[in-house]
Amino acid sequence: MLHTMGFDAFGLQAEQYAVQTGQHPATTTYGRIEIFKRQLRRMGLGHDQRRVFATTDPGYYRWTQWIFLQLFNSYYDTQADEGVGRARPIADLIAELDAGQREPDEGANDYDRPWSELDDLQRRVVIDRHRLAYISELPVNWCPGLGTVLANEEVTADGRSERGNFPVFRKPLAQWMLRITAYADRLVADLDHIDWPDKVRTMQKNWIGRSQGAHVDFRVEPSARGSAQAEPITVFTTRPDTLFGATYLVLAPEHPLVAALTAPSWPADVAASWTAGHATPAAAVAAYQQSAAGKTDQDRQGATESKTKTGVFTGSYAVNPVTGARLPVFIADYVLMGYGTGAIMAVPGQDERDWDFAEAFDLPIIRTVAPSEGFEDAGGKAFTGDGPAINSANADLDLNGLGVTEAKAVMIDYLEKIGAGRGAITYRLRDWLFSRQRYWGEPFPIVWDANDLPVALPEDMLPLLLPETNDFSPKSFPPDDVDSDPEPPLGRLTDWVTVELDLGDGPQTYRRETNTMPNWAGSCWYELRYLDPHNAGALVDPAIENYWMGPTADRPLGGVDLYVGGVEHAVLHLLYARFWHKVLFDLGHISSSEPFHRLVNQGYVQAFAYTDVRGAYVPSAEVIEETVDGETRYSHDGNPVNREYGKMGKSLKNVTTPDEMYASYGADTLRLFEMFTGPLEQSRPWDTKAVVGSYRLLQRLWRTVLDERTGQPHVAETEVPEELNRLLHKTIHAVREGYESLRFNSSIARVTELNNAVTLAYPSGGAPRAVAEALVLMVAPLAPHAAEELWSRLGHATSLAWEPFPEADEALLVDDTISVPVQVNGKVRSVLQLPAGADATVMEAAARADLKVLAALEDRAVKRVIAVPGRLINFVV
RNA sequence: GGGGCCGUAGCCCAACGGCAGAGGCAACGGCUUUAGGUGCCGUCCAGUGGGGGUUCGAAUCCCCCCGGCCCUACCA
């Protein structure tokens, strides 16, 4: 077994602490690590110390940087593995392009010329766009209050930073991105082959958000922009079947086509609500864009709840490819640039949001799916259910009468035929924004050349050490300062930034990348480093990786046998780590394709909180509980208080730490108690009253083994009496089962039960040694200190850690006679003592001879007899 | 709005579809110690949130409702 731990110590939290205390992050980080190590040691947690490291150790982040180079130097070959796709070295791509075997991926080549006609610089730009680590200039999450950009996963639903709770704005900035979207399908598919809680699998699936539908192209009326060359608007829809009901288009305010679509003037007789009172479309669009940009997603959400839709007309019209109808083009913030194409076809008849917008702007509504009976009479508006298509035919195509699924397929075929669209899959998942404008993180092993193109440092220059400085504070801004721009602290170290290197073309001047990696980088692969923590030549020796984590029959994709962690990592760490693991797998560095085979989410330790009559929280520690007339009451300073239940928090005045319990009862009691209060996976209240129970168990066990006054063992070197021996072996069996299934609370209960029986049978010592030793060994995993001491005093020279765990003798698990309940119509009427091996016939005969059973049967005819050997008999009358 | 988990004695929690109770806390009685928020022995207590269904038999499986906790949310 390999059981260890490490310190994930780069990132915002560690840096903020350092800034607050005016110390260097390295000082505070390594200082805290020493404290944590002491605390963990004090608890007797048995991690393998030889494998402990911090993600901030240069010997570790050297390999984090190395993995980044792997990402930079590879691309996703979507054709590989029968279309599943696989990461491959970028050199392979270049070779194939040079050999004329393929052209660049769609969207990667902006030069209107094939690869063979591009110059070297253009080729580099095109190649850079294929990399798994690439620079993007799309809008990102900019958080002025933190002075850094953030990943989608670090922004809460209400548009604020998960850390610090500052507003987050969308802003176009050149940033490193990791192409996690290439792995979307595999990240979903492989969830079926790992043993994770359904909850976490569902969360990942929802986060990845695969949806199947179509891209539809809408031609823009040339008159709108005074040019015949208008670029079509491509929308994504999951309901191509409803295209006949599309009555307008909506673009996200940030959509790149908005400028081109903004007409010079309003058409005649434009509705007042469409213009928002502005004299020209340009003014209306500009005003709307500005107000949308200044809003956080939280403000947008406010509109969601009231269902009020806002937007403005661009003055342009597009053409519905199946009906030829003129569709006004709007911009509205209910359409998000980050999903699909950032543009939708609005079908108010089948979409509630579109219906709301259509009502607000007085736009036509055409039903293309017949609503269910009574739907409209009941005031139903948009009908999103299944039903036969209506109003859905033109000269070449007739969907009427088809169900939704069939109509979708027919429509996609038709769109492909007329060149107006195609089937498409989109994801909610975005590529992973990987730059942070922070000091305390892994520097990127990248330099920029005279062409302002990125160049990877060679592996032998790793690790690229984080430069020493006292000027590490982030440049943050007023939280609402949308116009601010990020300023990485490393950029201030001009001596470090400008560097002369010979990377093969002779000495040249380069500019170092000044962003750092996010805190997730280090925890993306630490499970691999534990396997081979001191390897200087590879992140992990392949043979060692295969030994510990390679695929087996039980773990078809390989991975760690058991990973215990909080559910809060479901769409952050656990998603990122799976992604990196798959990249390393694709590139042949490891044999497992999933990092963690079995995941268990431990429950949260929660706490009660108490409010007084005014609703103010009072300190939980001062609340008195009493039971009056069978009713439990809580009071504080003599005044009644109300009890709530939930997380611990300073504002709730219910935070407790285990320190006090440790001081009063010691590490073993604390460990035992924490495992005893309930199942590992279940959240439960931290209610310290009951801790004496665990304390007593250890005391009682102590007295079972030792004479309290002398400290000498008082066990007897005798055989275990048969009855006690049966209990012993049943206990061993149950305790094992409990440990194996992580139901530690049950195991402790069974140990307690056995010890109680021993105490009862041998009140003043003299318990058989075999029983005493088994008890000590069984409690050892949870109370190692006391167990070790007892083991030693029992006369053993070596640690019990080397002792095998007790094994149950199967023969002793079954009793000679068993009590078998006899039911009549499912109700227990009698209990018989029968030999353990009694078969159904014997059981029935015995039951029929039983007086209580006869009385219950009352001469009624027995219709049926269910006799389950070893369990029960049921007479159905 | 969507999703997940959970409701069993005063409390925390057990119970392969088969006698509702393993263990602990609290309470009560006694013993011990009395400096005691100590130790020991014993006693006590629910019919499984509510309603329906499947079954010979349901805490357990299915459906609806109520309550708690957590996640997610204009995803086209």
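Given the structure is predicted, the values throughout are model-derived calculations rather than measurements. Protein chains get the first letters and strands the later ones, always in sequence-line order, with residue 1 at the start of each.
Rounded to an integer number of Å, the gap from A:Met843 CE to B:C19 P is 13 Å. The distance from atom CG of A:Leu680 to atom P of B:C12 is 19 Å, rounded to the nearest whole Å. B:U72 atom C1' lies 10 Å from atom NZ of A:Lys199, rounded to whole Å. Computed from coordinates, the A:Asn745 CG to B:A14 P distance equals 5 Å when rounded to whole Å. Nucleotide B:A14 holds its P atom 13 Å from the CG atom of A:Leu742, rounded to whole Å. Spacing between atom CG of A:Leu191 and atom P of B:G3 amounts to 19 Å, rounded to whole angstrom units. The CZ atom of A:Phe875 sits 22 Å away from the P atom of B:U55 (whole-angstrom rounding). Atoms CZ (A:Phe744) and C1' (B:C12) sit 18 Å apart, rounded to a whole Å.
Searching all strands for a Watson-Crick or G-U wobble partner of B:G10 with both distances below 3.5 Å returns B:C25. Nucleotide B:C69: paired with B:G4 (Watson-Crick or G-U wobble, both distances less than 3.5 Å). The partner of B:C75, taking Watson-Crick or G-U wobble pairs whose two distances both stay under 3.5 Å, does not exist in any strand shown.
Comparing B:A27 with B:C45, their C1' atoms sit 10 Å apart, to the nearest whole Å. To the nearest whole angstrom, the two P atoms, one in B:G51 and one in B:U8, are 16 Å apart. The C1' atoms of B:G24 and B:G67 are separated by 27 Å, rounded to the nearest whole Å. Taking atom P on both B:C19 and B:A58, the two are 11 Å apart, rounded to the nearest angstrom. Rounded to whole Å, the C1' atom of B:U38 lies 14 Å from the corresponding atom of B:C31. A distance of about 23 Å separates the C1' atoms of B:G30 and B:G23, rounded to the whole Å. Between B:C70 and B:C28, the two P atoms lie 35 Å apart (nearest whole Å). B:A59 and B:U48 are spaced 7 Å apart, taking the P atom of each and rounding to whole Å.
Checked against B:A76, B:A73, B:A22, the side chain of A:Arg428 finds its nearest nucleotide in B:A73. Between B:A22, B:A76, B:A26, one nucleotide has an atom nearer to the side chain of A:Val692 than all others, and that is B:A26. Out of B:A73, B:C56, B:A76, the shortest distance to the side chain of A:Trp207 is found at B:A73. Considering only the side chain of A:Thr202, B:G3 comes nearest among B:C19, B:G3, B:C13. For A:Leu872, the listed nucleotide lying nearest its side chain is B:G18; candidates were B:A14, B:G18, B:C19. Comparing B:G18, B:C19, B:A76 by their nearest atom to the side chain of A:Pro821 picks out B:C19.
For B:A76, the OP1/OP2 oxygens have no side-chain nitrogen or oxygen of A:Arg353 closer than 4.0 Å. Considering only side-chain N and O atoms, A:Gln682 lies under 4.0 angstrom from the phosphate OP1 or OP2 of B:C13. Contact between the side-chain N/O atoms of A:Arg700 and the OP1/OP2 oxygens of B:C41 is found at a separation under 4.0 Å. Side-chain nitrogen and oxygen atoms of A:Asn206 include none within less than 4.0 Å of the OP1 or OP2 phosphate oxygen of B:G2. Dashed line: the shortest gap from a side-chain N or O of A:Thr677 to OP1 or OP2 of B:C13 is not under 4.0 Å. Neither OP1 nor OP2 of B:C13 sits under 4.0 Å from any side-chain N or O of A:Arg743. A:Arg696 has no side-chain polar atom (N or O) that falls below the 4.0 Å cut-off from OP1 or OP2 of B:G23.
Counted by atom type alone, A:Asp185 and A:Tyr427 present one or more donor-acceptor pairs between their side chains at under 3.5 Å. Between the side chains of A:Tyr739 and A:Ser746, no donor-acceptor pair of N or O atoms lies under 3.5 Å. A:Tyr288 and A:Thr310 share a donor-acceptor pair across their side chains, judged by distance under 3.5 Å alone. For the residue pair A:Arg428 / A:Asn206, no side-chain donor-acceptor distance below 3.5 Å is found, with atom types taken as modelled.
Here the options are A:Thr368, A:Thr384, A:Asp241, the test is side-chain hydrogen bond (donor to acceptor under 3.5 Å, both in side chains), and the partner is A:Gln350; only A:Thr368 passes. Checked against A:Glu359 for a salt bridge (charged side-chain N to carboxylate O under 4.0 Å, His left out), the options A:Arg353, A:Lys309, A:Lys381 give a single hit: A:Lys381.
Base orientation at B:G47 is syn, since its O4'-C1' glycosidic dihedral falls within 90° of 0.
Ring pair A:Tyr248/A:Phe357: centre-to-centre distance below 6.0 Å.
The pair A:Glu753-A:Arg750 meets the salt-bridge criterion, with a side-chain N (NZ, NE, NH1 or NH2) lying under 4.0 Å from an Asp/Glu carboxylate O.
Within the 4.0 angstrom heavy-atom criterion, no nucleotide atom of any strand lies near A:Pro197. Across all strands, A:Asn874 comes closer than 4.0 Å to base atoms (heavy-atom distances). Contact annotation for A:Ala749: base contact, defined as any heavy-atom pair under 4.0 Å involving a base atom.
Remark: A:Glu708 CD is loosely packed, at most 12 non-hydrogen atoms of other residues, nucleotides or ligands lying under 6.0 Å away.
For A:His569, the ring pair (Phe, Tyr, Trp, His ring centres under 6.0 Å) criterion is met by A:His573, not counting sequence neighbours.
If you find the closest nucleotide of RNA chain B to A:Phe236 and to A:Phe676, the one lying nearer the 5' end belongs to A:Phe676. Both A:Met345 and A:Asp198 lie near RNA chain B, and the one whose nearest nucleotide falls closer to the 5' end is A:Asp198.
A donor and an acceptor atom never sit less than 3.5 Å apart when one is taken from the side chain of A:Gln699 and the other from the base of B:G39. Taking 3.5 Å as the limit, the base of B:C74 and the side chain of A:Lys309 contain a donor-acceptor pair of atoms between them.
Annotation: proximity of residues 752-761 of chain A to RNA chain B (heavy atom, distance under 4.0 Å) is found for A:Thr752, A:Glu753, A:Asn756, A:Thr759, A:Leu760, numbered in ascending order.
Relative orientation of the A:Tyr695 and A:Tyr665 rings is perpendicular, given thresholds of 30° and 60° on the angle between their planes.
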